[in-house]
J.: 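Pasting a structure here, questions to come.
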Amino acid sequence: MIELRPRAELGRANHGWLDTHHHFSFADYHDASRMHWGRLRVWNDDSIAAHSGFPPHPHRDMEIVTYVRKGAISHEDSLGNSGRTVAGDVQVMSAGTGITHSEFNQEDETCELFQIWIYPDRSGLPPSWGTRPFPRGERAGAFVTLASGIEGDADALPIRADARLVAATLSAGQVAEYPIGAGRKVYLVPASGRIEVGEVIAAAGDGVAICDEALLRVKAVEDSEVVLVDAR
């Protein structure tokens, strides 16, 4: 099954400094048919205005992955961690027993990012945070794992869930394939461009929910950047 979820049909909230689209039920947006996709609970498409952001707020027992598409986001948390994650790079926060953090766009341009929440396999573990650069050239023409809790993905940022975050940059006409294990679900969003998945055409910001497929074949209709989560 390959289901298109057009960006225009997603939940949306515009707070002035934050313009966000929700792929799954979140905050004031509720859709009983879109509560989660396997262990994937949240996929928010956020545009954060320059010199604004989220003040300190708490989380617990959730794996929170941030994929920056444009600009940069600066992080501070109650563990004393701080860092700046730029476009194309990823940060991971394992909320564990509890962590308070802030996320601010300290740049002179709008920051665009995907914030993705995944249910952890275990609760009650100590919180942690990390970030890592992943130059786009390293994933040109093929999917590369950026964050993962799956055995064997040693080069990825670790998360505490049976899931992985994968991305690819494709030139127009290029095809990338991704094998899907039995019983697993994939949720894919083009960060830019336009792609073909089976008989489905997805543009930037659209969601594509995939299950009961053994092989995912993505063709770039135009130059595209593609992000997906593979979860149980």
Side-chain angles (χ1 to χ4, degrees), residues 1-14 19-26 29 31-47 65-70 87-88 90 110-118 134 136-147 163-231:
M1 185 207 79
I2 301 175
E3 177 194 354
L4 178 68
R5 299 181 176 182
R7 191 170 194 262
E9 298 178 9
L10 303 178
R12 187 181 179 189
N14 192 332
D19 187 4
T20 180
H21 289 74
H22 306 309
H23 287 261
F24 301 94
S25 295
F26 187 86
Y29 167 61
D31 182 339
S33 67
R34 296 186 181 180
M35 296 301 297
H36 60 91
W37 191 243
R39 301 195 72 81
L40 174 61
R41 173 62 187 87
V42 169
W43 191 309
N44 289 345
D45 183 341
D46 293 343
S47 294
V65 183
T66 303
Y67 182 93
V68 181
R69 301 176 358 249
K70 176 185 175 184
V90 176
T110 298
C111 174
E112 297 178 359
L113 56 81
F114 292 144
Q115 187 170 100
I116 297 162
W117 296 12
I118 302 170
F134 290 95
R136 283 179 168 86
E138 293 183 5
R139 53 182 182 268
F143 285 109
V144 173
T145 302
L146 307 182
R164 60 163 64 98
L165 176 82
V166 180
T169 54
L170 303 175
S171 299
Q174 273 191 316
V175 174
E177 293 184 341
Y178 180 83
I180 304 174
R184 302 189 69 85
K185 295 185 175 183
V186 165
Y187 197 83
L188 177 153
V189 182
S192 63
R194 195 160 168 259
I195 62 170
E196 180 181 325
V197 186
E199 297 181 355
V200 168
I201 299 293
D206 291 344
V208 184
I210 301 148
C211 67
D212 300 324
E213 301 282 340
L215 181 68
L216 179 65
R217 186 177 186 273
V218 178
K219 180 179 180 179
V221 178
E222 56 190 55
D223 292 354
S224 302
E225 183 175 359
V226 183
V227 183
L228 70 80
V229 167
D230 170 353

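Residue numbers start at 1 and run along the sequence shown.
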J.: Closest heavy-atom contact between A191 and A204?
T.: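 Heavy atoms only, the tightest pair is O-CB, 4.1 Å.
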J.: Could I get the full list of salt bridge (charged side-chain N to carboxylate O under 4.0 Å, His left out) partners for R69, not counting sequence neighbours?
T.: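 Partners of R69 under the salt bridge (charged side-chain N to carboxylate O under 4.0 Å, His left out) test: D45, E112.
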J.: How far apart are the closest heavy atoms of I118 and V229, and which atoms are they?
T.: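 Where I118 meets V229 most closely, the heavy atoms are CD1-CG1, 4.2 Å.
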J.: Compare every heavy atom of V42 with every heavy atom of F26, then report the nearest pair and how far apart it is.
T.: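 Nearest heavy atoms, F26 then V42: CD1-CG2, 3.7 Å.
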J.: Compare every heavy atom of T169 with every heavy atom of A140, then report the nearest pair and how far apart it is.
T.: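 Heavy atoms of A140 and T169 come nearest at CA-OG1, 3.2 Å.
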J.: To the closest 0.5 Å, what do you measure between OG1 (T66) and CG (L113)?
T.: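 Taking OG1 in T66 and CG in L113, the distance rounds to 6.0 Å.
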J.: Do F114 and V65 have side chains that approach each other closer than 4.5 Å (heavy atoms only, starting at C-beta)?
T.: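 They are not in contact (no side-chain heavy atoms under 4.5 Å apart), so the answer is no.
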J.: Would you call the rings of W43 and Y187 parallel, tilted or perpendicular, where under 30° means parallel and over 60° means perpendicular?
T.: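 It falls in the tilted class, 30° to 60°.
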J.: Can you check whether L188 reaches I195 side chain to side chain, under 4.5 Å on heavy atoms?
T.: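 In contact.
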J.: For D223, which residues count as a salt bridge (charged side-chain N to carboxylate O under 4.0 Å, His left out) partner, sequence neighbours excluded?
T.: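 Applying salt bridge (charged side-chain N to carboxylate O under 4.0 Å, His left out) to D223 gives none.
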J.: How long is the gap from NZ on K219 to CZ on R217, to the nearest 0.5 Å?
T.: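 Nearest 0.5 Å value for the NZ-CZ distance: 7.0 Å.
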J.: L146 and A167: which non-hydrogen atoms are nearest, and at how many Å?
T.: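 Shortest heavy-atom contact: CD1-CB, 3.7 Å.
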J.: Nearest 0.5 Å, please: how far is CE in M1 from CD1 in I210?
T.: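 It comes to 8.0 Å.
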J.: What I want to check is whether the side chains of D31 and S25 have a donor and an acceptor closer together than 3.5 Å.
T.: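 No, because no side-chain N or O of D31 sits under 3.5 Å from a partner of the opposite role on S25.
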J.: Can you find a pair of side-chain heavy atoms, one from R7 and one from R12, that are under 4.5 Å apart?
T.: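 Result no, sub-4.5 Å side-chain heavy-atom pair not found.
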J.: Please determine whether side-chain contact (heavy atoms from CB on, under 4.5 Å) holds for the pair I2 and E199, giving the CA-CA distance in whole Å, both sets of side-chain angles, and the decisive distance to 0.1 Å.
T.: CA-CA 8 Å; I2 301 175; E199 297 181 355; over 6 Å; no
J.: Which atoms form the tightest heavy-atom contact between V208 and A202, and what is the distance?
T.: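 Minimum heavy-atom separation between V208 and A202: CG2-CB, 3.7 Å.
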J.: Do L40 and K185 have side-chain heavy atoms sitting under 4.5 Å apart?
T.: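 L40 vs K185: side chains apart.
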J.: Who passes salt bridge (charged side-chain N to carboxylate O under 4.0 Å, His left out) against R164, sequence neighbours left out?
T.: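 If we apply the salt bridge (charged side-chain N to carboxylate O under 4.0 Å, His left out) test to R164, skipping adjacent residues, the hits are D153, D230.
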